[in-house]
Number of protein chains: 2
Amino acid sequence: MISEALLMQYGAHKFSVRKKEVLFHLDSRPQYFYQVHQGRIKMNYFNEDGKEFIQGIFTAGQSFGEPPLFEELSYPAQAEAVEDSVLWKLEKSNFFTLLKANPEVHLELTKVLASRLHYKATMVAEISTENPEHRLLKLIDYFKVHIYDIPIETPYLVELSRQQLADLTGLRVETVIRAIKSLEKKGELSLDAHKIRR
Amino acid sequence: MISEALLMQYGAHKFSVRKKEVLFHLDSRPQYFYQVHQGRIKMNYFNEDGKEFIQGIFTAGQSFGEPPLFEELSYPAQAEAVEDSVLWKLEKSNFFTLLKANPEVHLELTKVLASRLHYKATMVAEISTENPEHRLLKLIDYFKVHIYDIPIETPYLVELSRQQLADLTGLRVETVIRAIKSLEKKGELSLDAHKIRR
DNA sequence: CTAGTTTTATGATTTCGGTCATAAAATTGG
DNA sequence: CCAATTTTATGACCGAAATCATAAAACTAG
């Protein structure tokens, strides 16, 4: 997260997007550094027959889509507004000028990339080797502990739909619904009015 | 990749590991920055019933296992020598001193993390949504273009075993063997003496 | 308030890749 | 050089999750 003061100083602009609007497409070349000011943005991939995979969901204060800025790479997913949102947008070259002039910001950004890499390494191993229930618990606990910084023993209310859980874990909605039910029966989580608590 | 001169200057040491030796375990806390001097190291995860997933294979000049150094995180996989190898090992605190004093090295490292994030994002989406043949082609092309820097039109000889391909794509050996056969039949790649060329 | 949409739910059926068993070919190491 | 190990290969069978169909419940927007 880069402070607004700094973003403005280096010529960033705020702009609005409507729910479902696409910010950039799969395989396009990055031109800007993006940071969420308000709302929620997801990065997602669709295969040939329309199956979605969600790389990440980003909320106020979080940046996204930085990796391809650093190499001559194109985006491995598109970015789409989950709800009406306001974003900061900073020209690529200005972004690098900013980083160079502010080593502590650069270090912060490296930490963000490191933590995202940790998340991806965790999820890809889960998806490759574990069953649906295991995957879902891992994802839920990951969000709780690493994204929302809630101690593992404190109850946490999952704010993701069954479909989003499916698209984050590579499962299908029906499988998620059944696995969640089964996990409730086993006492691994609780449900009240369809909301998942763990 | 950090130059040997710089590594030495900040107190790094070289040490040897034998094939199959484990450098650090899953869930342990990182204490060092590691860089391969000679040989090959893989980072891998095993689920409860022994199914392996390979996060990456690192060769001479490449560093690995950096992300958890930047946050207070534990390793999401273990590191294991694929063959007898020699490694550089730099104390965590010295590593950060080095980065701080050498911004261009820090930027290089950020690029490495960015490119690894790109690889993981690509593979996790593949594994979640695509069939075995698609996954294998994507992996092979990724290694060719992004890891070995070979132009897509130049033939490339895959130096990974069927088992390694399986553990990198979340498949089983038998499935990889059959998919490779089928891809050969379709003309997507060629085989000579079991070696895969594409 | 209500029609329309999205989300959650559940049963029946299918399928793709996993599992199991076995063996040939290739590689390695002593 | 040869025994032991690893890698590649192939067929038969199985099963977990995907797919398909349908509907109730819960939201949402006008």
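Labels below follow one simple rule: chain letters A, B, ... track the order of the sequence lines, proteins then strands, and each chain is numbered from 1.
- If you measure from atom CD of B:Q163 to atom C1' of C:dT19, you get 14 Å, rounded to the nearest angstrom.
- Separating the CG atom of A:L165 from the P atom of C:dT7 is a distance of 12 Å, rounded to the nearest angstrom.
- Ring orientation note: the planes of A:W88 and A:H37 are nearly perpendicular, at an angle over 60° on the 30°/60° scale.
- Nearest nucleotide to the B:R172 side chain, out of C:dG18, D:dA9, D:dT7: C:dG18.
- Between the side chain of B:Y142 and the backbone N or O of B:Y119, at least one donor-acceptor pair lies under 3.5 Å.
- Atom CD in A:E52 sits about 14 Å away from atom P in C:dT6, given to the nearest Å.
- Comparing D:dA17, D:dC20, D:dT10 by their closest approach to the side chain of B:I177 singles out D:dT10.
- Nearest nucleotide to the side chain of B:K20, out of D:dG11, D:dT6, D:dA17: D:dT6.
- For D:dA18, the OP1/OP2 oxygens have a side-chain nitrogen or oxygen of A:T175 closer than 4.0 Å.
- Across the protein-nucleic acid pair, A:E126 atom CD and D:dA17 atom P stand 13 Å apart, rounded to whole Å.
- For the segment residues 77-86 of chain B, no residue has any heavy atom less than 4.0 angstrom from an atom of DNA chain D.
- Side-chain contact between A:I57 and A:L160: present, with at least one pair of heavy atoms (C-beta onward) separated by less than 4.5 Å.
- Within a 6.0 Å sphere centred on NZ of A:K100, other residues, nucleotides and ligands contribute 12 heavy atoms or fewer.
- For the pair A:R178 CZ and D:dA16 P, the interatomic distance rounds to 14 Å; values are reported in whole Å.
- Summarising the local packing, NZ of B:K14 is surrounded by more than 12 heavy atoms from other residues, nucleotides or ligands at distances under 6.0 Å.
- B:T169 is not listed as a side-chain neighbour of B:E126, based on a closest heavy-atom distance of 4.5 Å or more.
- In the set C:dT8, D:dA17, D:dT8, C:dT8 carries the atom at the smallest distance from any side-chain atom of A:R162.
- Residue-to-nucleotide proximity on DNA chain D shows that, of A:G170 and A:K19, the 5′-proximal contact is made by A:G170.
- We find that CD1 of B:I127 is positioned 16 Å from C1' of C:dG18, with the value rounded to whole Å.
- Proximity of residues 180-198 of chain A to DNA chain C (heavy atom under 4.0 angstrom from any strand atom) is restricted to A:K181, A:H194.
- Not one side-chain nitrogen or oxygen of B:S161 sits closer than 4.0 Å to the OP1 or OP2 atom of D:dT7.
- Atom CZ of A:R18 is separated from atom P of D:dA29 by 11 Å (rounded to the nearest Å).
- As rounded to whole Å, 18 Å separates atom P of C:dC16 from atom CD of B:E174.
- Contact annotation: the side chain of A:E108 never approaches that of A:I2 to less than 4.5 Å [non-hydrogen atoms, C-beta and beyond].
- In this structure, B:H146 and B:H118 have tilted ring planes: the angle between them lies in the 30° to 60° band.
- The environment of CD in A:E72 is sparse: at most 12 heavy-atom neighbours from other residues, nucleotides or ligands sit within 6.0 Å.
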Step-by-step side chain to side chain donor-acceptor pair (under 3.5 Å) determination, B:Y156 to B:E159: CA-CA 9 Å; B:Y156 151 70; B:E159 78 305 3; 3.3 Å; yes
